[in-house]
K.L.:
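There's a structure below that I have some questions on.
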Amino acid sequence: MIRVHDTLQRRKVDFLPIDPSHVRLYACGPTVYGLIHIGNARPLVAFDVVARHLRARFPKVTYVRNVTDVDDKIIQRAAEAGEEPQALAARFAAEYRKDAEALGCLPPDVEPRVTTHIPEIVALIETLCARGVGYVVDGDVYFAVERFAGYGELSGQPLDQLESGSRVEVDERKQSPLDFALWKSAKPGEPSWPSPWGAGRPGWHIECSAMAERYLGVEFDLHGGGVDLIFPHHENERAQSQGAHGAGTFSRHWLHNGFVNFNDKKIAKSDERMQRLLKRAFTLRVLLDRHGGEAVRFFLLTTQYRHPINFEVLGSPPQDGAAVGPGSGSPPQDGAAVGPGSGSPPQDGAAVGPGSGAERGGEGDELRFPGLEEAERQVEYGYLTMRRLGEALAVGKDPGAGPVLEEAAGWLGELGEALDDDFNTAGALAALQQGLGVANRLLDGKLAAPKDVKRRTLMRLAADLAAASGELGLLCADPATWLSAHRARRAAARKLDVAAIEAAISERAAARAAKDFARSDAVRDQVKLLGVELMDGASGTTWRVAD
RNA sequence: GGCGCCGUCGCCAAGUUGGUAAGGCAACGGACUGCAAAUCCGUCAUUCUCCGGUUCAAAUCCGGACGGCGCCUCCA
């Protein structure tokens, strides 16, 4: 039995799908006006695990994750860049998909964009107007909050308090200050679509209502997004959909992920300098290039999705340089700086060697991200174990059916139970680490077992590891491939000369063969200074970049 | 002003429909190794911010204090 924390009920509840043969999930995706940052990555990963685990527990899951591709901010950025808004949105939507893939997120079943669902949106607004909860003013359409009884239920906001707390200039044409736009009439130069109320574009919240209905029906199981979306976005989505289709419709449960805080503060709340830093140096892309997608994913999974997670940054921030000098005040050009093609992943071969000058102007190079470093080490441990397992299993013959060691039998079940409990990925990771530990112990010969039992257990561990990978979206790559890419990435970061390292290894091998251990150790010490650790194994010497 | 979250070992982090503190990192000791790395083993919270209360029993429930954070119209 899966249990989920439902924001609407403010407690953990048993998850009983409306249709157990088909679970339906909707998650709010990003507005694509620039490269996403680590904070945007959290819901991506969190709801990817939700979808994966639901698939493990139910026969069919439809996961819808939208892309908002028309919005004030897109229009503004496009104007700044002298680009068509739709072109800019399409460009960053593509970049976003690259990031999502690098994070190990499976593509959602449907990834609807707002601009291709205008007819559905218009139809929904028409329904709302027909039912008297929407009203038209000069080509704009608003939702009448006071005519919808359930308003405020999701966020727990009493209406009167909201009004008094409102700190935004109130549009006098609205019937109530709380009313929000369903349709905005077009201003000159803005993208627009024809509608019964004149040319215009959708308001911020209506797209999710319309697209969820289109792909999941009037009623579905789960709706997810960041905590900041509870109010007003999700409150308004719910109001729109229930306003059109009645109480009890729309999503049955609401899931909200906590923030990724930046040195213990919300990113948007951190001071101006830090924000600028974030935009230039901490796009998700930079972190992915530096530590790999799986490390970022592992990091995000170490904390249960509802809790805040702190993204720690050590070291002195890059100098703001020109930005603090006279003539400062120009907005960060993150949009313009990341045109298509600038974010190509490191090429295994090409990036190695001393001359790879593809550094990003040194920006952020002196910064360290301890959380990502530890996560990367954990992922490496996983792949090292998998490689050992694969090597052991590559020889020998099938032991047939029979018992396996007890130590290896329980962890996958624990992993599943942890995920059942409101997608507790921290608990699941702990179970995974137990499984990896058992594999290493067995491989080390630390567990007593008859030959056939041992081999059968190793096979079981490999199979269970594959199952765990599928649910967590970790350790899904081929170990040799991942490990070599990982090493290449780290070697490139340290500007190591791979050919020189391999030459040193050959030289040392000759010295060792001649029992010249003094020479051998000299070579070891020499490469150690470069941050390279040599590992002598049965099949020769390999190397890794030290932590 | 209103709504809500959080405070568990040096660090990260499970556990909160009550039943007697997972796991990871770091540290220290050890096995293995010609020396290393990787891997493995052992040690590492009588205690869960503090003070009361309920209970046979509380990190888990209730009240209060202190500390941190978030939302209250376009930010994941």
Side-chain angles (χ1 to χ4, degrees), chain A residues 3 7 10-12 27-31 36-44 46-47 68 71-73 152 155-158 160-170 177-181 203-205 224-233 235-236 256-261 264-269 299 302-304 306-310 312 370-371 373-375 377-378 380-381 384-385 388 414 418 421 424-434 436-437 439-447 512 515 517-518 520-521 524-525 528 532-537 541-544 546:
Chain A
R3 290 175 55 82
T7 304
R10 288 164 187 72
R11 62 191 177 92
K12 238 187 248 183
C28 285
T31 300
I36 64 170
H37 57 69
I38 178 104
N40 301 287
R42 171 105 105 142
L44 218 40
F47 296 113
T68 297
D71 154 276
D72 290 350
K73 214 168 270 180
S155 57
Q157 299 288 349
D160 51 340
Q161 287 300 336
L162 278 173
E163 287 188 60
S164 67
S166 185
R167 55 181 190 192
V168 170
E169 64 207 82
V170 173
L178 289 174
D179 293 351
F180 54 90
W204 176 35
H205 318 289
V227 275
D228 57 324
L229 296 182
I230 296 172
F231 192 91
H233 187 53
E235 189 73 62
N236 291 355
H256 289 100
N257 65 272
F259 277 117
V260 177
N261 287 148
D264 281 319
K265 283 270 196 290
K266 181 179 171 178
I267 290 164
K269 287 276 172 72
F299 168 74
T302 53
T303 302
Q304 206 271 351
R306 287 194 297 122
H307 297 175
I309 184 168
N310 189 37
E312 192 188 0
E373 286 173 7
E374 184 180 333
R377 183 75 259 283
Q378 292 295 325
E380 185 188 21
Y381 171 74
L384 285 169
T385 305
R388 294 187 75 192
E414 285 166 22
D421 184 13
N424 181 357
T425 51
L429 251 21
L432 174 66
Q433 282 162 333
Q434 298 319 299
L436 293 169
N440 277 123
R441 253 181 290 161
L442 193 55
L443 258 6
D444 277 356
K446 299 283 169 58
L447 295 174
R512 293 182 74 208
K515 298 262 193 269
F517 293 123
S520 168
D521 289 349
R524 180 187 288 292
D525 292 344
K528 179 79 181 176
V532 172
E533 287 171 348
L534 301 182
M535 303 154 78
D536 295 328
T541 298
T542 57
W543 59 280
R544 67 185 291 273

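Lettering follows sequence order; numbering is per chain, from 1. Treat the numbers as computed from the prediction; the structure is a model and nothing was measured.
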K.L.:
Look at all strands and tell whether Gly39(A) reaches a base, only sugar-phosphate, or nothing, counting heavy atoms closer than 4.0 Å.
P.N.:
base
K.L.:
Look at all strands and tell whether Ser520(A) reaches a base, only sugar-phosphate, or nothing, counting heavy atoms closer than 4.0 Å.
P.N.:
base
K.L.:
Phosphate oxygens OP1/OP2 of G15(B): is one of them under 4.0 Å from a side-chain N or O of Asn424(A)?
P.N.:
yes
K.L.:
Base, sugar-phosphate, or nothing for Arg441(A), non-hydrogen atoms under 4.0 angstrom?
P.N.:
sugar-phosphate
K.L.:
Is His307(A) near enough to C69(B) that one of its side-chain N or O atoms lies under 4.0 angstrom from OP1 or OP2?
P.N.:
no
K.L.:
By the 4.0 Å heavy-atom rule, please label Phe231(A) as base, sugar-phosphate, or nothing.
P.N.:
sugar-phosphate
K.L.:
With sugar-phosphate meaning primed atoms plus P, OP1 and OP2, does Glu312(A) contact a base, only sugar-phosphate, or nothing at under 4.0 Å between heavy atoms?
P.N.:
nothing
K.L.:
What would the secondary structure line of RNA chain B be in dot-bracket form, counting Watson-Crick and G-U wobble pairs under 3.5 Å, with [ ] for pairs that cross earlier ones and | for pairs with another strand?
P.N.:
((((((((.[[[..)...(...]]].(((((.......))))).....[[[[[..)....]]]]])))))))....
K.L.:
Roughly, in whole Å, what's the span from CE in Met535(A) to P in G34(B)?
P.N.:
16 Å
K.L.:
Test of understanding: with salt bridge (charged side-chain N to carboxylate O under 4.0 Å, His left out), list the residues that count as partners of Lys73(A), not counting sequence neighbours.
P.N.:
none
K.L.:
Does a side-chain N or O of Tyr381(A) approach OP1 or OP2 of A37(B) to a distance below 4.0 Å, or not?
P.N.:
no
K.L.:
How far apart are the C-alpha atoms of Lys528(A) and Asp521(A), what are their side-chain angles, what is the distance that settles it, and do they pass the salt bridge (charged side-chain N to carboxylate O under 4.0 Å, His left out) test?
P.N.:
CA-CA 10 Å; Lys528(A) 179 79 181 176; Asp521(A) 289 349; over 6 Å; no
K.L.:
Between G4(B) atom P and Glu235(A) atom CD, what is the distance in whole Å?
P.N.:
13 Å
K.L.:
Ignoring backbone atoms, establish whether Asn257(A) has a side-chain N or O less than 4.0 Å from OP1 or OP2 of A76(B).
P.N.:
no
K.L.:
On RNA chain B, check which nucleotide each of Pro43(A) and Lys528(A) is closest to and give me the residue with the more 5' one.
P.N.:
Lys528(A)
K.L.:
At under 4.0 Å between heavy atoms, what does Gln433(A) touch on the DNA or RNA strands: base, sugar-phosphate, or nothing?
P.N.:
sugar-phosphate
K.L.:
If I pick the C1' atom on C41(B) and the same atom on G34(B), what distance separates them, to the nearest angstrom?
P.N.:
23 Å
K.L.:
With nearest nucleotide decided by heavy atoms, which residue, Glu374(A) or Thr385(A), maps closer to the 5′ end of RNA chain B?
P.N.:
Glu374(A)
K.L.:
Whole angstrom is fine here: how far is it from CG in Asn236(A) over to P in C71(B)?
P.N.:
17 Å
K.L.:
Looking at every strand, decide which applies to Asn310(A) at a 4.0 Å heavy-atom threshold: base, sugar-phosphate, or nothing.
P.N.:
nothing
K.L.:
With a 4.0 Å cutoff (strictly under), does any side-chain N or O of Thr302(A) reach OP1 or OP2 of A13(B)?
P.N.:
no
K.L.:
Reckon Arg388(A) touches a base, only the sugar-phosphate, or nothing at all at heavy-atom distances under 4.0 Å?
P.N.:
sugar-phosphate
K.L.:
Mind checking if Leu534(A) touches a base, just sugar-phosphate, or nothing, with heavy atoms under 4.0 Å?
P.N.:
base
K.L.:
Going by atom types alone, do Asp71(A) and Thr31(A) pair a side-chain donor with an acceptor below 3.5 Å?
P.N.:
no
K.L.:
If I pick the P atom on U17(B) and the same atom on C12(B), what distance separates them, to the nearest angstrom?
P.N.:
24 Å
K.L.:
Taking only the C1' atom of each, what is the distance from U49(B) to A57(B) in whole angstrom?
P.N.:
23 Å
K.L.:
Considering only atom P, compute the distance from A13(B) to C75(B) and round it to an integer number of Å.
P.N.:
27 Å
K.L.:
Applying a 4.0 Å non-hydrogen cut-off, can you work out what Asn440(A) is touching in the nucleic acid: base, sugar-phosphate, or nothing?
P.N.:
sugar-phosphate
K.L.:
Separation of Arg377(A) atom CZ from G24(B) atom P, in whole Å?
P.N.:
13 Å
K.L.:
Quick check on C75(B): is either OP1 or OP2 less than 4.0 Å from any side-chain nitrogen or oxygen of Lys73(A)?
P.N.:
yes
